[in-house]
Amino acid sequence: MSKEQTRRVLPRSFYTRLDATVIARELLGKVIVTSSEEGETAGIIVETEAYMGPDDLACHAHSNRITPRNKTMYDIGGTSYVYICYGMHNLFNAVTGEEGMGHAVLIRAVEPLLNETLMVSRRRKEKISPVITNGPGKLSTALGITKEWNGLDLTDPKSPIIIVDGSLDREFGRIDEGPRVGMSHHTKNCGNFPWRFKYADNKWTSKPDKVSYDW
DNA sequence: CGAATGATCGGCT
DNA sequence: GCCGATCATTCGA
C-alpha cells in the first residue's frame with residue numbers, strides 16, 4: 001500500500017460514534033486492504049449490516065452475554081471481529097461504538113479493487129466475476145481473512161487488515177436499506193429491522209439482492 | 001460430555 | 001428453489 005493510502009486509514013473516531021447503522025451506511029464506498037505473504041488485495045465495501053448490542057436478538061452480544069467467541073465484539077470501535085459461521089466460513093465485522101457496547105458492522109460484499117488475480121485464485125475460480133466476493137464468507141476467502149485476524153486494530157496502518165477512505169473518484173448511486181439476511185428464525189422483533197445497507201445499482205452485492213419486507 | 005445450532009455456500013432439480 | 005456439507009461454538013445435563 002502506498003504512503004498516500006496509509007494516510008487515509010479510517011481513524012478511531014470514525015468507529016466509536018453511535019450508532020452502528022450510521023457507520024454501516026458510511027462504510028459503503030470505503031476500502032478494505034489486506035496484506036499477507038501471498039500479496040496485497042483490496043475491495044470496495046458495497047454491502048453491510050449493523051448488529052447492535054444487548055437489545056438486538058440477532059446480535060452475538062444480545063443480552064450482554066460474553067463468550068470466548070464474542071468477547072472481541074465488546075472491544076473498542078475499530079477492532080476486527082472475525083468468527084466462523086456454519087463451521088467453515090470466516091465472517092468479518094468491524095466493531096463499532098465504545099468499549100463494552102457490543103456493536104459491530106458485518107461486511108457482506110465488496111467490489112474487487114486490487115489484485116483480482118490473487119482473489120480469484122484464493123476462491124479457486126478461473127476468472128473474475130461477482131461470485132468471487134458477493135457474500136460475507138466469499139469475500140473473506142478472497143481477501144485472505146481468517147479468524148486468526150480476530151481482534152486486530154483496523155486503524156493501525158501496520159495491521160494486515162485495515163479500512164481506508166479510498167477517496168475514489170466514483171459515483172455509487174442510491175443506497176438500499178432492508179432487513180438483514182438470515183433472520184428467518186428471529187421473526188419476533190429484530191428480524192425485520194432495516195439494518196442492511198447496499199448500493200442499489202452495484203452488481204457486486206450479495207444475494208438475496210431483493211430488499212423486501214414481505215414477511 | 002452430547003446435542004443443537006447457525007450473520008453461508010455450492011450443487012442439483 | 002431446495003438441500004446437504006461441515007464444524008466451531010454454545011448450552012444443558
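The model shown is predicted, which means the values in this text are computed figures rather than measured ones. The figures here come from the full heavy-atom set of this structure, side chains too, leaving out hydrogens, waters and symmetry mates. Residue numbering restarts at 1 for every chain, and letters A, B, ... go by the order of the sequence lines.
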Distance under 4.0 Å to a non-hydrogen atom of chain A counts as contact; along DNA chain C, which nucleotides mark the start and end?
dA5(C) to dC11(C)

Output all residues satisfying salt bridge (charged side-chain N to carboxylate O under 4.0 Å, His left out) with [X], sequence neighbours left out; order by chain, then residue number.
{"X": "D156(A)", "value": "K158(A)"}
{"X": "D176(A)", "value": "R174(A)"}
{"X": "R170(A)", "value": "E111(A)"}

If pairs are Watson-Crick or G-U with both distances under 3.5 Å, what is the dot-bracket string of DNA chain B, marking crossing pairs with [ ] and pairs to another strand with |?
||||||.|||||.

Which part of the nucleic acid, if any, lies within contact of R65(A), taking any heavy atom under 4.0 Å across all strands shown: a base, the sugar-phosphate backbone alone, or nothing?
sugar-phosphate

Going from CD1 on I161(A) to CG on L154(A), what distance comes out if it is rounded to the nearest 0.5 angstrom?
6.0 Å

For residues 19-35 of chain A, which side-chain donor-acceptor pairs fall under 3.5 Å, sequence neighbours excluded?
{"residue": "D19(A)", "atom": "OD1", "partner": "T21(A)", "partner atom": "N", "Å": "2.8"}
{"residue": "D19(A)", "atom": "OD1", "partner": "T21(A)", "partner atom": "OG1", "Å": "2.4"}
{"residue": "R25(A)", "atom": "NH2", "partner": "E177(A)", "partner atom": "OE2", "Å": "2.0"}
{"residue": "E26(A)", "atom": "OE1", "partner": "R17(A)", "partner atom": "NH1", "Å": "3.2"}
{"residue": "E26(A)", "atom": "OE1", "partner": "R17(A)", "partner atom": "NH2", "Å": "2.9"}
{"residue": "K30(A)", "atom": "NZ", "partner": "E26(A)", "partner atom": "O", "Å": "2.9"}
{"residue": "T34(A)", "atom": "OG1", "partner": "T41(A)", "partner atom": "OG1", "Å": "2.6"}
{"residue": "T34(A)", "atom": "OG1", "partner": "L143(A)", "partner atom": "O", "Å": "2.9"}

For M101(A), the other hydrophobic cluster members (4.5 Å side-chain criterion, sorted by chain and number) are L18(A)

Under a side-chain separation threshold of 4.5 Å, the hydrophobic residues clustered together with L114(A) are none

If you look only at pairs with a residue in residues 152-181 of chain A, which of them pass as a ring pair (Phe, Tyr, Trp, His ring centres under 6.0 Å), with sequence neighbours excluded?
F172(A)-Y199(A)

Got a list of side-chain donor-acceptor pairs under 3.5 Å for residues 79-92 of chain A, not counting sequence neighbours?
{"residue": "T79(A)", "atom": "OG1", "partner": "I76(A)", "partner atom": "O", "Å": "2.8"}
{"residue": "S80(A)", "atom": "OG", "partner": "W149(A)", "partner atom": "O", "Å": "2.5"}
{"residue": "S80(A)", "atom": "OG", "partner": "G151(A)", "partner atom": "N", "Å": "3.2"}
{"residue": "S80(A)", "atom": "OG", "partner": "L152(A)", "partner atom": "N", "Å": "2.9"}
{"residue": "Y81(A)", "atom": "OH", "partner": "H60(A)", "partner atom": "ND1", "Å": "2.7"}
{"residue": "N90(A)", "atom": "OD1", "partner": "K147(A)", "partner atom": "N", "Å": "3.0"}

What does nucleotides 5-13 of chain B look like as a protein-contact string, B for base, S for sugar-phosphate only, - for none, at under 4.0 angstrom between heavy atoms?
-BBBSS---

For a quick test of your reading: what N or O donor-acceptor pairs under 3.5 Å do the side chains of residues 102-109 of chain A make, sequence neighbours left out?
{"residue": "R108(A)", "atom": "NE", "partner": "E47(A)", "partner atom": "OE2", "Å": "2.9"}
{"residue": "R108(A)", "atom": "NH2", "partner": "S206(A)", "partner atom": "OG", "Å": "3.3"}

